[in-house]
Number of protein chains: 2
Amino acid sequence: MVHIYDYPRPAVTVDCVVFGLDQTHYLQVLLIQRRLPPFKGQWALPGGFVRPNEALEEAARRELQEETDVTGLCLEQLQTYGQPDRDPRGHTVTVAFYALGNLWDYHIKAATDAKEARWWPMKHLPELAFDHGLIVQDAISTLRITIRHKPIGFELLPTKFTLTQLQRLYEIVLARPFDKRNFRKKLLKLDILISLDEKETNVPHRAAQLYQFDRTKYMERQKTGFNFDL
Amino acid sequence: MVHIYDYPRPAVTVDCVVFGLDQTHYLQVLLIQRRLPPFKGQWALPGGFVRPNEALEEAARRELQEETDVTGLCLEQLQTYGQPDRDPRGHTVTVAFYALGNLWDYHIKAATDAKEARWWPMKHLPELAFDHGLIVQDAISTLRITIRHKPIGFELLPTKFTLTQLQRLYEIVLARPFDKRNFRKKLLKLDILISLDEKETNVPHRAAQLYQFDRTKYMERQKTGFNFDL
DNA sequence: ACAAAAGTGTTGAGGGTACACCCATGG
DNA sequence: CCATGGGTGTACCCTCAACACTTTTGT
């Protein structure tokens, strides 16, 4: 009987594109600096080899923690890249994931930089190892499409946020302005935001109402034929 | 120096979900019957192992031709499946693709059935090998979303088609009725259909105008910020 | 008092949906 | 002449886009 282990096989890796937002109004990407060749010293996406009998998302989550100490993100599969020449060591297939993190939570860890990991602004990325530049481009395209149809944008914000923060987020990711009144009308009409009994603090102007994303209500609503769409 | 070939690796395969339409008004899927264990005799998606230094889409195209003699389709990557227990032979990662073919063109080959390959109606699929049932479900979900945003539906029809055929296609895939007048208005307004100087023949009623998809015009239009959206 | 952002309604245009009848062709 | 699908226009509604001033708060 022919056994599949009789054949030579490509190596299988996972890579993670983690996006984040901060007060600078730029979209950021989490990168690590490579310690080993190939591309030693260059910046790259966190990722690595899939272990025997390890699921893909599990591998992505493990590598992300090992290399950047970031955990608890919601990972979505992006695409799989298998050009035979994409890794100088030999035929390597990589399954790419993307995720959104809020820099408010991860700010300190990224700043610590203990593992040569840090956030880079999308606009000024260094040259990346392998085909990671391409992967990041694909990830941002997918993010732009998905954020308009699914309420994933909230992952980029702290749990409690203001409508203005939410609007900025969409403006940054989609790189286009929104009308304040129309934006608020639309979002509030969707009825998936919980209006909290709290306001912003420590701001040198009128304090804004804080909101929270109502995941439960969204799930219900979605089942009964309902579209996010922004 | 550590070499990547020192580590054990999962096997890498590709699988293809090919959809087709015929006059029966059901969406069809192209399946093959397995000649070898595991799942010997069961129906499965066409696909197989990626060869050394072979690109993923190239592998998918090759396997599709080898197993079903179907060529020339536009393949789109769907998702990658890597649950370690999805193949009883051992850890196997499969990259799934989907494609649309028009049964008018492939009708004869499929009927020939020389390779135990044939079309099955989506509504009455046999039990599939591996996790191929899940993959088909994911493919149909993706198809339903994509067909509303990109003009891929035309791939399911012959080059020359009538507006009624096009409407049926959308009704079948999206499983909901469209209003005839509104559908025609919308499609014609998009201005990506070439109205041919030909009509249907051999029909027991008034002959319908034939149209053709204008790929070139669509490409141009798309660059200047234009959305398909149905 | 002033600076800075929060908050709030109306109008007009365009697109979507609902809807019914006559026309051409083959049998 | 009959059965079958082909082809066409209008009216209403609702959603989206444009647009400016008052309110609150901290300094």
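Chain letters run A, B, ... following the sequence lines, proteins first, then strands; residues in each count from 1. Computed from a prediction, not measured in an experiment: that's the story for all the values here.
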Rounded to whole angstrom units, what separation is found between the [atom1] atom of [X] and the [atom2] atom of [N]?
X: B/Lys189; N: C/dG15; atom1: NZ; atom2: C1'; value: 6 Å
X: B/Leu190; N: C/dG15; atom1: CG; atom2: P; value: 12 Å
X: A/Lys186; N: C/dG7; atom1: NZ; atom2: C1'; value: 20 Å

- Task: Might you point out which heavy atoms bring B/Ala117 and B/Glu67 nearest each other, and give the distance in Å?
- Result: CB-O, 3.8 Å
- Taking all atoms of both residues into account, what is the closest heavy-atom pair of B/Tyr81 and B/Ala96, and its distance? CE1-CB, 3.8 Å
- Task: Report the C-alpha distance between B/Val14 and B/Arg61 in whole Å, list the side-chain angles of each, state the deciding distance to 0.1 Å, and finish with yes or no for side chain to side chain contact (heavy atoms under 4.5 Å, CB included).
- Result: CA-CA 9 Å; B/Val14 289; B/Arg61 215 172 278 288; over 6 Å; no
- Item | Protein proximity profile, nucleotides 4-14 of chain D - base contact B, sugar-phosphate-only contact S, no contact -, cut-off 4.0 Å on heavy atoms | BBBBBBB----
- Task: Please work out which of the three classes, parallel, tilted or perpendicular, describes the rings of B/His124 and B/Tyr26, given edges at 30° and 60°.
- Result: perpendicular
- Query: Parallel, tilted or perpendicular: which fits the ring planes of B/Tyr218 and B/Phe228, with parallel below 30° and perpendicular above 60°?
  - Reply: perpendicular
